[in-house]
Amino acid sequence: AEIKAASKPVVAALTRFHPPVEIYSHHAVLIAPTNPLIAGGGFAADAYASLPRVLKDGNFSTAFTKFAVVGHGAPLKQEGITVGTKVCGDAQLVDRDAATFFRQDALQRMGHYVPQLLKCVEGTSCEHRDLPLGLASQLAFLGAISGDGSPLKSNVLPIVMHGQGVRMAARLGDALSLLVQPGGIWEAERVLFVFAGDLSENLPAVQADLCDAKTAETVSYAGVPQIASYFDDLLHGKAREGCPGPAAAPRGFAPMVTAARVAENLKFRERRAVVQHDGPPGGEKPGWKSF
């Protein structure tokens with residue numbers, strides 16, 4: 001049902017008179033709203049519809065063969081990440097070999113710079129406890145663009161970030177990059193990296209336009225140290241170019257840092273950003289949410 005709901009806006013985007021311009025990239029990084037089906041009028045469907053496609057059995061489906069999907073969950077006592085079946089239980093979509101490589105190879109290569117791996121509480125199931133909306137919603141869209149059958153089966157590496165430390169976010173980006181770099185388990189695959197994270201909340205429309213455009217520009221074109229500095233200033237109340245402190249900071253800033261790190265490590269040059277808002281009529285009152 002979730003995949004069917006996600007399929008409708010994707011098909012609508014592809015069959016418009018002017019459909020989204022398709023991107024051409026071996027790997028790609030996508031930052032999407034935590035609720036892509038409804039956020040900003042569902043504009044995230046255009047992003048998914050613009051991804052590279054191939055013809056399979058007479059139907060178009062995504063050209064990507066593997067998917068790393070990163071969301072952020074509730075803060076825990078300890079900052080860290082959960083990976084693979086710790087996120088989705090025994091769900092068949094998890095690429096167990098990639099999860100093992102990530103834990104035992106990629107993270108080990110990083111030495112003392114490794115993000116902390118969190119474990120499930122003994123006696124409890126992770127199947128639903130650690131699958132936040134932002135990650136689950138992306139899986140529905142990935143299923144929608146992947147055609148008939150079960151193309152996601154054993155092809156997804158789900159990761160949940162607990163806490164939004166910039167250092168952890170950057171280190172996670174380094175670890176994810178190792179999946180596709182020489183010696184990585186996905187070196188021969190075409191990989192889509194998806195990150196769920198929203199922009200500001202509770203700003204008036206004019207400020208939201210200004211601050212979110214600045215955030216999108218910073219994340220798209222600045223280096224990770226500059227992005228981290230920008231977010232840190234916002235979070236600590238230091239106004240940046242007319243943006244009023246923490247309210248202007250993205251609600252999902254850590255996944256954005258991780259996405260920028262992966263794009264930087266893989267030397268992506270072409271970047272595209274679209275920002276949308278939901279809020280009260282008129283746009284003069286606070287309460288706007290940005291994506």
Side-chain angles (χ1 to χ4, degrees), residues 23 25-34 36 44 47-48 51-52 62-73 80-88 91-110 114-115 117-118 126 130-146 151-162 168-197 219 224 252 254-268:
I23 67 170
S25 178
H26 190 70
H27 304 305
V29 168
L30 171 63
I31 301 174
T34 55
Y48 279 102
L51 296 172
T62 181
F64 296 110
T65 57
K66 298 289 182 179
F67 309 90
V69 189
V70 181
H72 61 94
I81 61 174
T82 52
V83 178
T85 56
K86 301 301 183 192
V87 174
C88 295
Q92 294 183 340
L93 60 83
V94 177
D95 185 331
R96 293 172 181 267
D97 290 337
T100 299
F101 173 87
F102 186 84
R103 290 192 302 266
Q104 298 182 1
D105 194 309
L107 294 182
Q108 294 304 316
R109 290 194 212 177
M110 298 177 63
V114 60
L117 273 174
L118 303 178
C126 297
D130 208 24
L131 185 61
L133 172 66
L135 195 149
S137 298
Q138 312 311 323
L139 296 177
F141 272 86
L142 293 176
I145 66 173
S146 295
L152 295 186
K153 184 177 180 180
S154 300
N155 287 325
V156 178
L157 179 64
I159 297 175
V160 176
M161 307 172 71
H162 291 282
M168 176 185 71
R171 291 174 177 174
L172 176 57
D174 289 335
L176 286 169
S177 302
L178 293 173
L179 291 167
V180 299
Q181 290 177 338
I185 193 167
W186 285 351
E187 181 183 1
E189 306 285 351
R190 292 188 70 174
V191 181
L192 174 64
F193 297 88
V194 181
F195 300 88
V219 172
V224 169
M256 295 181 187
V257 172
T258 305
R261 187 66 151 198
V262 173
E264 184 177 78
N265 288 343
L266 300 185
K267 297 180 170 54
F268 290 166

Open item on the list: Using modelled atom types and a 3.5 Å cut-off, is there a donor and acceptor pairing between side-chain atoms of Glu264 and backbone atoms of Ala259?
Closed with: no
Task: Nearest heavy atoms of Ala254 and Met161, plus distance in Å - done: CB-CE, 3.7 Å
Task: Ala196 to Gly71 - nearest heavy-atom pair and separation - done: CB-CA, 4.4 Å
Open item on the list: Going by salt bridge (charged side-chain N to carboxylate O under 4.0 Å, His left out), name the residues that satisfy it together with Glu189, two or more places apart in sequence or in a different chain.
Closed with: none
Open item on the list: Rounded to the nearest 0.5 Å, what separates atom NE2 in His26 from atom CZ in Phe268?
Closed with: 9.5 Å
TODO: Tell me, with the steps shown, if Phe102 and Leu176 meet side-chain contact (heavy atoms from CB on, under 4.5 Å).
DONE: CA-CA 8 Å; Phe102 186 84; Leu176 286 169; 4.0 Å; yes
Task: Val194 and Tyr48: CA distance, side-chain angles, deciding distance, side-chain contact (heavy atoms from CB on, under 4.5 Å) verdict - done: CA-CA 10 Å; Val194 181; Tyr48 279 102; 3.5 Å; yes
Task: Thr258 (side chain) donor-acceptor with Ala169 (main chain) under 3.5 angstrom - done: yes
- [ ] To the nearest 0.5 Å, tell me how far Leu107 CG sits from Arg171 CZ.
- [x] 11.5 Å
Open item on the list: Could you work out, with salt bridge (charged side-chain N to carboxylate O under 4.0 Å, His left out) as the rule, every residue matching Arg109, not counting sequence neighbours?
Closed with: Asp105
- [ ] Apply the side-chain contact (heavy atoms from CB on, under 4.5 Å) test between Phe67 and each candidate in Thr62, Leu157, Leu30; give the one that qualifies.
- [x] Thr62
Open item on the list: Between Val191 and Leu179, does the side-chain contact (heavy atoms from CB on, under 4.5 Å) criterion hold? Intermediate values first, please.
Closed with: CA-CA 9 Å; Val191 181; Leu179 291 167; over 6 Å; no
- [ ] Specify the closest pair of heavy atoms between Ile81 and Pro115, including all atoms of both residues, with the distance to one decimal.
- [x] CD1-CG, 4.1 Å
Task: Check: Thr34 and Ser137 side chains under 4.5 Å, non-hydrogen atoms - done: no
- [ ] Just jot down the side chain to side chain contact (heavy atoms under 4.5 Å, CB included) partners of Ala63, sequence neighbours excluded, or say none.
- [x] Pro52, Val54, Arg190
Open item on the list: For Gln138 versus Ala32, what's the shortest heavy-atom pair and its separation?
Closed with: OE1-CB, 3.4 Å
Task: Spacing of Phe64 atom CZ and Leu192 atom CG [to the nearest 0.5 Å] - done: 5.0 Å
- [ ] Over all heavy atoms of both residues, which pair between Gly183 and Phe101 is shortest? Give the atoms and the distance, please.
- [x] O-CE1, 3.7 Å
TODO: Measure the spacing between CG of Leu142 and CG of Leu152 and express it to the nearest 0.5 Å.
DONE: 6.0 Å
Open item on the list: Is the shortest side-chain heavy-atom distance between Asn155 and Lys66 below 4.5 Å?
Closed with: yes
Open item on the list: Checking the side chain of Gln108 only, and the main-chain atoms of Gln104 only, is there a donor and an acceptor separated by less than 3.5 Å?
Closed with: no
Open item on the list: Quick check: do Arg261 and Ser177 have side-chain heavy atoms less than 4.5 Å from each other?
Closed with: no
TODO: Kindly indicate whether the side chain of Gln92, heavy atoms from C-beta on, has any atom under 4.5 Å from the side chain of Ser154.
DONE: no
- [ ] Working to the nearest 0.5 Å, report the span between CG of Asp95 and OG1 of Thr100.
- [x] 8.5 Å
Open item on the list: Minimum heavy-atom separation for Pro36 and Ala44, please, with both atom names.
Closed with: CB-CB, 3.6 Å
Open item on the list: Out of the candidates Thr82, Val69, Leu172, only one should pair with Ile159 under the side-chain contact (heavy atoms from CB on, under 4.5 Å) rule; please name it.
Closed with: Leu172
TODO: Measure the acute angle between the ring planes of His27 and Phe193, then classify it against the limits of 30° and 60° as parallel, tilted or perpendicular.
DONE: perpendicular
